Amino acid sequence: MTTPQLDRLAQYCQRLRLHRVEAELNTVLEQAAKQDQNYSDFLEAVLGLEVRSKQEKHLAMRVSMARFPFQKTLESFDWKFQPSIDPKVIKELATGRFIADGENVLLLGPPGVGKTHLAVAVGLKACELGLRTMFTTAAALITTLGKALFENRLEERLKLLTQPKLLIIDEIGYIPIDRQGANLFFQLVSRRYERGSILLTSNQSLGAWGEVFGDTVIASAILDRLLHHATTVNIKGESYRLKEKRRAGLLRTGAAADHPAE
């Protein structure tokens, strides 16, 4: 049931953009009456409701802008299946301190061991901390930079890619990178050096990056900047996808060599 006073309160909420309070106004008033709240408690409840609503909205916006391929958390990661990973190291990364210091993270290991899961989970934590984050695959990044170069918009694109506090680059080494792509990647890493953090995943050891980038000199220059302030996590173990296939009876034990993970 509405009253002239409730109508005025709803109008005030609209003008002040207190949309969650407006939507739950009747409920808030009823709870205040039932709990016999004093003025300060009631005001705290109302403002807290709106603050939480705005925080949730901003978080959803940051997550959407990050363009994660999926949303997986650290809480859902199977630590027992990958004993080579020290949970303390990953949980420290989730605090975001490495981002505040402009440091980098390299997650290395064979396909399917959880590198992308961990990268996304750390990225989600960064979003929760209010930090702008962007996710891309290495192939998509090189394609984007190459297109920008062709259209004479490389400088514009590099500026955009230096804005996120955390840039996640997934799947380095899955697809060979030509000399132009290597040079473009080097320019991006140089732009972000000690300014913004990069978290990347790769199925190749660092010693093989010369082959990945088709040039040992460029690869060394890239690694020199990435590793100057960096945490490197080497993940060993079986693919999660192979494990699930075995559990479902779709793959015989010991068949990993015949069925490489994607």
Side-chain angles (χ1 to χ4, degrees), residues 62 65-69 89 92-93 95-109 115-116 118-120 122-123 125-127 129-234:
R62 286 191 294 272
M65 292 177 64
R67 298 180 180 177
F68 296 117
V89 174
E92 167 60 27
L93 296 176
T95 66
R97 280 189 279 266
F98 81 96
I99 303 174
D101 295 335
E103 298 178 353
N104 303 314
V105 177
L106 289 78
L107 303 179
L108 309 177
K115 301 185 299 297
T116 303
L118 291 174
V120 169
V122 172
K125 291 293 185 182
C127 289
L129 292 169
L131 303 174
R132 183 175 176 183
T133 303
M134 179 183 292
F135 181 100
T136 181
T137 64
L141 176 65
I142 297 301
T143 298
T144 297
L145 291 174
K147 181 180 178 182
L149 177 65
F150 177 77
E151 296 175 349
N152 200 30
R153 295 187 298 105
L154 180 60
E155 184 65 23
E156 175 187 341
R157 178 57 58 178
L158 287 172
K159 285 182 178 179
L160 287 175
L161 289 170
T162 57
Q163 290 176 2
K165 289 294 184 181
L166 175 62
L167 176 63
I168 301 174
I169 306 173
D170 196 28
E171 300 179 341
I172 295 239
Y174 285 79
I175 298 176
I177 299 172
D178 61 19
R179 182 176 294 274
Q180 175 180 285
N183 275 292
L184 292 172
F185 191 86
F186 170 74
Q187 289 186 57
L188 174 61
V189 171
S190 296
R191 287 292 185 94
R192 293 189 62 86
Y193 178 60
E194 295 188 331
R195 298 178 186 175
S197 297
I198 295 176
L199 189 162
L200 59 83
T201 74
S202 177
N203 67 328
Q204 300 290 336
S205 67
L206 299 183
W209 277 34
E211 296 179 11
V212 172
F213 288 95
D215 189 308
T216 56
V217 174
I218 294 179
S220 295
I222 290 171
L223 286 172
D224 180 63
R225 286 158 178 76
L226 286 175
L227 297 175
H228 186 205
H229 305 290
T231 297
T232 301
V233 179
N234 288 290

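Since this is a predicted model, take the numbers as computed values, not measurements.
Applying the side-chain contact (heavy atoms from CB on, under 4.5 Å) test to Val89 and every residue at least two apart in sequence or in another chain returns Asp86, Thr231, Val233. Contacts of Asn183 classified as side-chain contact (heavy atoms from CB on, under 4.5 Å), with partners at least two apart in sequence or in another chain: Arg179, Ile218. Listed by chain and number, the residues in a side-chain contact (heavy atoms from CB on, under 4.5 Å) with Tyr193 are Arg225, His228 (sequence neighbours excluded). Shown here are the side-chain hydrogen bond (donor to acceptor under 3.5 Å, both in side chains) partners of Arg153, two or more places apart in sequence or in another chain: Glu151. Listed by chain and residue number, His229 satisfy the side-chain hydrogen bond (donor to acceptor under 3.5 Å, both in side chains) test with Glu194 (two or more places apart in sequence, or in another chain). Applying the ring-ring contact (aromatic ring centres under 6.0 Å, His included) rule to Phe68 yields no partners; only residues at least two apart in sequence or on another chain are considered. Under the side-chain contact (heavy atoms from CB on, under 4.5 Å) criterion, Arg97 pairs with Glu92, Thr95, not counting sequence neighbours.
At a threshold of 4.5 Å between non-hydrogen side-chain atoms, the residues Arg195 and Ser190 do not count as touching. Residues Val122 and Val105 are not in side-chain contact: their nearest non-hydrogen atoms beyond the backbone lie 4.5 Å or more apart.
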Considering only distance and modelled atom types, tabulate donor-acceptor pairs under 3.5 Å from the side chains of residues 202-212, sequence neighbours left out.
| residue | atom | partner | partner atom | Å |
| --- | --- | --- | --- | --- |
| Ser202 | OG | Ile172 | O | 2.8 |
| Ser202 | OG | Gln204 | N | 3.1 |
| Ser202 | OG | Gln204 | O | 3.3 |

Listing, residues 133-147 side-chain donor-acceptor contacts under 3.5 Å, not counting sequence neighbours, or none:
| residue | atom | partner | partner atom | Å |
| --- | --- | --- | --- | --- |
| Thr133 | OG1 | Leu131 | O | 3.2 |
| Thr137 | OG1 | Ala140 | N | 3.1 |
| Thr143 | OG1 | Ala139 | O | 2.9 |
| Thr144 | OG1 | Ala140 | O | 2.9 |

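Distance CG/Leu107 to CG/Leu199: 5.0 Å, rounded to 0.5 Å. Distance OG/Ser220 to CG/Leu227: 10.5 Å, rounded to 0.5 Å. Here the CD atom belonging to Gln187 is positioned 10.5 Å from the CD1 atom belonging to Ile222, to the nearest 0.5 angstrom. In this structure, the separation between CG on Leu106 and CG on Asn104 is 7.0 Å, given to the nearest 0.5 Å. With rounding to the nearest 0.5 Å, the separation of NZ in Lys125 from CG in Leu166 is 14.0 Å. A distance of 4.0 Å separates CZ of Phe213 from CD1 of Ile177, quoted to the nearest 0.5 Å.
Across every non-hydrogen atom of Thr232 and Leu108, the tightest pair is CG2-CD1, 3.8 Å. Gly181 and Asp178 get closest at one heavy-atom pair: N-OD1, 2.7 Å.
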Q.
Quick one, Leu188 with Leu158, criterion side chain to side chain contact (heavy atoms under 4.5 Å, CB included). Give me CA distance, side-chain angles, the key distance, then yes/no.
A. CA-CA 6 Å; Leu188 174 61; Leu158 287 172; 4.1 Å; yes
Q.
Before you tell me yes or no, could you show the steps for Leu167 and Leu200 under side chain to side chain contact (heavy atoms under 4.5 Å, CB included), namely the whole-Å CA-CA distance, both residues' side-chain angles and the distance that decides it to 0.1 Å?
A. CA-CA 8 Å; Leu167 176 63; Leu200 59 83; over 6 Å; no
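A donor-acceptor pair is defined here as one N or O able to donate and one able to accept, closer than 3.5 Å; no such pair exists between the side chain of Asp101 and the backbone of Glu103. Without hydrogens or angle criteria, Arg62 side chain to Ala126 main chain gives no donor-acceptor distance under 3.5 Å.
Listed by first then second residue, pairs satisfying side-chain hydrogen bond (donor to acceptor under 3.5 Å, both in side chains) with a partner in residues 155-170 read Thr116-Asp170, Arg132-Gln163, Glu155-Arg191, Asp170-Thr201, not counting sequence neighbours.
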